[in-house]
Peer 1: 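A single structure is presented below for examination.
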Amino acid sequence: MKRSHEYDSPVLSRIVSVITVLAICICSVCTCLTTYKMTQLTTGGGSSNTGTNTNTSTNNGSSNASSSATPSAETPTAANSATGSGSNNTNSDASAAAGDGSDPAAVLAKYTEVMNNSKKAVKTFNKKEWQELPSVDLGNSMVTSIAQPIIDKYMTPEADAEEQSHDKPDQFPVIHATAGCLLTDASAIKSASMKDNGDGTGTITLVLNDEEGPEPCAEGATSASSNTGAVFSPISKKSINDELAKISAIKVNSFDLNYHDCTSTITYNTSTNQVTDVNQVMNISIKANVKVTIATVDASGELIDTVHIYNITY
């Protein structure tokens with residue numbers, strides 16, 4: 001049964017699943033190839049990791065996965081909304097005053113103002129979360145073709161995303177933090193854009209630079225220990241290790257997480273400076289060295305996690 005994970009742990013189950021499912025798939029495929037009973041893989045090959053959702057693409061940690069996302073007409077992904085170049089604009093002050101621009105510092109200042117104002121005033125909101133699977137490559141075409149449908153079972157596509165209702169400001173981005181944005185360093189921004197939509201709303205998009213193993217904000221945090229954690233809600237490495245330790249079928253010797261092109265797009269009321277819609281996309285390249293029952297393998301995957309927050313009331 002596909003379920004959304006707990007909201008205060010946005011990507012924990014997915015990261016664990018990427019590592020676990022790839023390892024189990026490889027182990028299962030190799031076992032079946034050895035015994036010439038490949039059809040056994042079509043039933044329950046990945047069933048030992050229940051209640052989690054994954055979105056994987058073993059493309060050697062490629063950072064172009066966000067371009068593979070297919071936007072919905074109703075809820076476009078934030079990754080496809082970024083238009084800023086991230087370069088300095090000599091007219092940034094005038095542009096910011098007019099409601100548009102691409103100067104990272106000016107855009108960040110406005111984003112922070114709007115998100116902080118919204119975090120303090122929000123009463124209720126709805127949220128959906130889903131994953132995308134651009135492709136799978138396990139280094140062998142036969143293994144890949146067999147493993148693909150097994151990994152697909154752990155996906156939650158946008159059409160199947162569960163609508164969740166929340167009434168706690170603590171669960172509004174940035175989760176657990178006291179503010180809606182804790183990022184203060186504009187050099188952490190890869191690109192930025194800000195525009196007035198001409199209908200009483202504005203749109204702001206931030207795309208962050210790559211970051212290895214960023215940590216999330218602690219409960220009640222007034223500052224962030226990572227740039228990604230200052231805008232999004234990554235998962236701590238300790239939490240991942242704790243979950244992996246519960247799985248006896250595999251031993252993870254090491255793993256690395258690279259968060260890249262993480263994109264937050266907000267629409268807000270220009271009169272009240274309150275957010276009306278949030279789209280956040282975290283792209284995570286995962287590499288792991290995993291020991292399964294018959295071998296030690298190098299597994300890699302691309303997790304694309306999209307969060308849409310809407311129906312926000314104040």
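Note that these values count all heavy atoms, side chains included, but never hydrogens, waters or copies made by symmetry. Quick caveat, the model's predicted, so the values are computed rather than measured.
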Peer 1: Could you tell me whether a side-chain N or O of Ser118 sits under 3.5 Å from a main-chain N or O of Val275, the two making a donor and an acceptor?
Peer 2: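 Side chain of Ser118 to backbone of Val275: a pair is present.
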Peer 1: Less than 4.5 Å apart, any side-chain heavy atom of Val307 and any of Phe232?
Peer 2: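 No, side chains not in contact.
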Peer 1: Side chains of Asp256 and Asn258: any donor to acceptor distance under 3.5 Å?
Peer 2: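 The answer is no; no qualifying pair exists.
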Peer 1: Do any N or O atoms from the side chain of Thr178 and from the backbone of Ala221 form a donor-acceptor pair under 3.5 angstrom?
Peer 2: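 Between the backbone of Ala221 and the side chain of Thr178 there is a qualifying donor-acceptor contact (under 3.5 Å).
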Peer 1: Side chains of Ser223 and Leu182: closer than 4.5 Å at any heavy-atom pair?
Peer 2: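 Not in contact.
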Peer 1: When you compare the side chains of Glu163 and Tyr310, does any donor N or O come within less than 3.5 Å of an acceptor on the partner?
Peer 2: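 The criterion, which ignores hydrogens and geometry beyond distance, is satisfied for Tyr310 and Glu163.
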Peer 1: Out of curiosity, Met282 CE to Asp305 CG, how far, rounded to the nearest 0.5 Å?
Peer 2: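 It is 5.0 Å, given to the nearest 0.5 Å.
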Peer 1: On a heavy-atom basis, which atom in Leu257 and which in Glu212 lie closest, and how many Å separate them?
Peer 2: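 Looking at all heavy atoms of both residues, the shortest contact is O-OE1, 3.1 Å.
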Peer 1: Strictly distance-based, threshold 3.5 Å: is any side-chain N or O of Asn117 a donor or acceptor partner for the main-chain N or O of Asn273?
Peer 2: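 The answer is yes, because a donor-acceptor pair under 3.5 Å joins these two groups.
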Peer 1: Applying the side chain to side chain contact (heavy atoms under 4.5 Å, CB included) criterion to Thr272, which one of Thr270, Asn269, Thr276 satisfies it?
Peer 2: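 It is Asn269, the one option of Thr270, Asn269, Thr276 that forms the side chain to side chain contact (heavy atoms under 4.5 Å, CB included) with Thr272.
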Peer 1: Is the backbone N or O of Gly180 less than 3.5 Å from a side-chain atom of Asn116, with the two atoms forming a donor-acceptor pair by type?
Peer 2: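 Answer holds: yes.
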Peer 1: Minimum heavy-atom separation for His308 and Asp277, please, with both atom names.
Peer 2: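 Closest approach of His308 to Asp277: NE2-OD2, 2.6 Å.
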Peer 1: Just by distance, do the side chain of Thr201 and the backbone of Thr267 share a donor-acceptor pair under 3.5 Å?
Peer 2: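 The answer is no, because no donor-acceptor pair under 3.5 Å joins these two groups.
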Peer 1: For Cys217 and Gly229, work out which heavy atoms get closest and say how close.
Peer 2: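 Result for this residue pair: SG-O, 3.2 Å.
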Peer 1: If you round to the nearest 0.5 Å, how far is OG1 of Thr112 from CG of Leu183?
Peer 2: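 One gets 6.5 Å once the value is rounded to the nearest 0.5 Å.
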Peer 1: Looking only at side-chain N and O atoms, does Glu302 offer a donor or acceptor that is under 3.5 Å from a partner on Ser285?
Peer 2: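 A donor-acceptor contact under 3.5 Å links the two side chains.
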Peer 1: Is any NZ, NE, NH1 or NH2 atom of the basic residue among Lys190 and Asp261 found under 4.0 Å from an Asp or Glu carboxylate oxygen of the other?
Peer 2: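 Here Lys190 pairs with Asp261 in a salt bridge, since their nearest N and O are under 4.0 Å apart.
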Peer 1: Quick one: does Thr124's side chain get under 4.5 Å of Ile312's, heavy atoms only?
Peer 2: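 No, side chains not in contact.
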Peer 1: Taking the side chain as everything from C-beta on, heavy atoms only, tell me whether Asn279 gets closer than 4.5 Å to Val281.
Peer 2: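 No; the side chains remain at least 4.5 Å from each other.
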Peer 1: Starting from the C-alpha separation in whole Å, work towards a yes-or-no answer on side-chain contact (heavy atoms from CB on, under 4.5 Å) for Gln280 and Thr265.
Peer 2: CA-CA 6 Å; Gln280 291 194 331; Thr265 299; over 6 Å; no
Peer 1: Within the side chain of Ser226, is there an N or O that forms a donor-acceptor pair under 3.5 Å with the backbone of Glu215?
Peer 2: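 Side chain of Ser226 to backbone of Glu215: a pair is present.
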Peer 1: Once rounded to the nearest 0.5 Å, what's the spacing between atom OG of Ser187 and atom CG of Asn227?
Peer 2: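 Those atoms lie 7.0 Å apart.
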Peer 1: Give, for atom OG of Ser193 and atom CG of Leu206, the distance between the pair rounded to the nearest 0.5 Å.
Peer 2: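 If I round to the nearest 0.5 Å, the distance is 8.0 Å.
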Peer 1: Side chains of Gln274 and Val114, heavy atoms from C-beta outward: is any pair under 4.5 Å?
Peer 2: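 No; the side chains remain at least 4.5 Å from each other.
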Peer 1: What I want to check is whether the side chains of Asn209 and His260 have a donor and an acceptor closer together than 3.5 Å.
Peer 2: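 No donor-acceptor contact under 3.5 Å links the two side chains.
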Peer 1: Could you give the distance from CG (Leu208) to CD1 (Ile189), rounded to the nearest 0.5 Å?
Peer 2: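 Going from the CG atom of Leu208 to the CD1 atom of Ile189 covers 7.0 Å.
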Peer 1: Is any side-chain heavy atom of Asp170 closer than 4.5 Å to a side-chain heavy atom of His176?
Peer 2: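 Asp170 reaches His176 side chain to side chain.
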Peer 1: Can you tell me how the ring of His166 sits relative to the ring of Phe125, calling it parallel under 30°, perpendicular over 60° and tilted otherwise?
Peer 2: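 The arrangement is parallel - the two ring planes meet at less than 30°.
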Peer 1: I'd like to know if the side chain of Glu211 pairs up with that of Thr228 as donor and acceptor (distance under 3.5 Å, no hydrogens or angles considered).
Peer 2: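 Indeed, the side chains of Glu211 and Thr228 share at least one donor-acceptor pair under 3.5 Å.
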Peer 1: Compute whether any side-chain donor of one residue and acceptor of the other, for Tyr111 and Ser264, lie under 3.5 angstrom apart.
Peer 2: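 Result is yes, a qualifying pair exists.
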Peer 1: Ignoring hydrogens, what is the shortest heavy-atom contact between Ala106 and Asp103? Give both atom names and the distance.
Peer 2: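 Shortest heavy-atom contact: N-OD2, 3.0 Å.
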Peer 1: Are Pro216 and Ser233 side-chain neighbours, meaning at least one heavy-atom pair lies under 4.5 Å?
Peer 2: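 No. Closest side-chain heavy atoms not under 4.5 Å.
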Peer 1: Do the non-hydrogen side-chain atoms of Ser102 and Met194 ever get within less than 4.5 Å of each other?
Peer 2: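 Ser102 vs Met194: side chains apart.
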Peer 1: List the atom of Trp130, the atom of Glu158, and the distance in Å for their closest heavy-atom pair.
Peer 2: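 What the structure gives for the nearest pair is CG-CA, 3.5 Å.
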Peer 1: Quick check for you: to the nearest 0.5 Å, what is the distance between Asp242 atom CG and Lys237 atom NZ?
Peer 2: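 NZ of Lys237 is found 13.0 Å from CG of Asp242.
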Peer 1: Of all the heavy-atom pairs spanning Gly198 and Asp196, show the shortest one and how long it is.
Peer 2: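 Nearest pair, atom of Gly198 first, then Asp196: N-OD1, 2.8 Å.
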Peer 1: According to a hydrophobic-cluster definition based on side-chain heavy atoms being under 4.5 Å apart (Ile, Leu, Val, Met, Phe, Trp, Tyr only), do Tyr259 and Leu108 belong together?
Peer 2: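 Same cluster: Tyr259 reaches Leu108 through Ile, Leu, Val, Met, Phe, Trp or Tyr contacts under 4.5 Å.
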Peer 1: Look at the side chain of Lys119 and the backbone N and O of Phe172, then say whether any donor-acceptor pair between them is shorter than 3.5 Å.
Peer 2: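 Indeed, once roles are kept as given, a pair shorter than 3.5 Å links the two residues.
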Peer 1: Whether the side chain of Asn197 engages the backbone of Asp199 through a donor-acceptor N/O pair (distance < 3.5 Å, no angle test) should be reported.
Peer 2: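 Side chain of Asn197 to backbone of Asp199, a donor-acceptor pair under 3.5 Å: no, none is there.
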Peer 1: Is Val174 linked to Ile204 within one hydrophobic cluster, defined over Ile, Leu, Val, Met, Phe, Trp and Tyr using a side-chain heavy-atom separation of less than 4.5 Å?
Peer 2: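 Each belongs to a different hydrophobic cluster.
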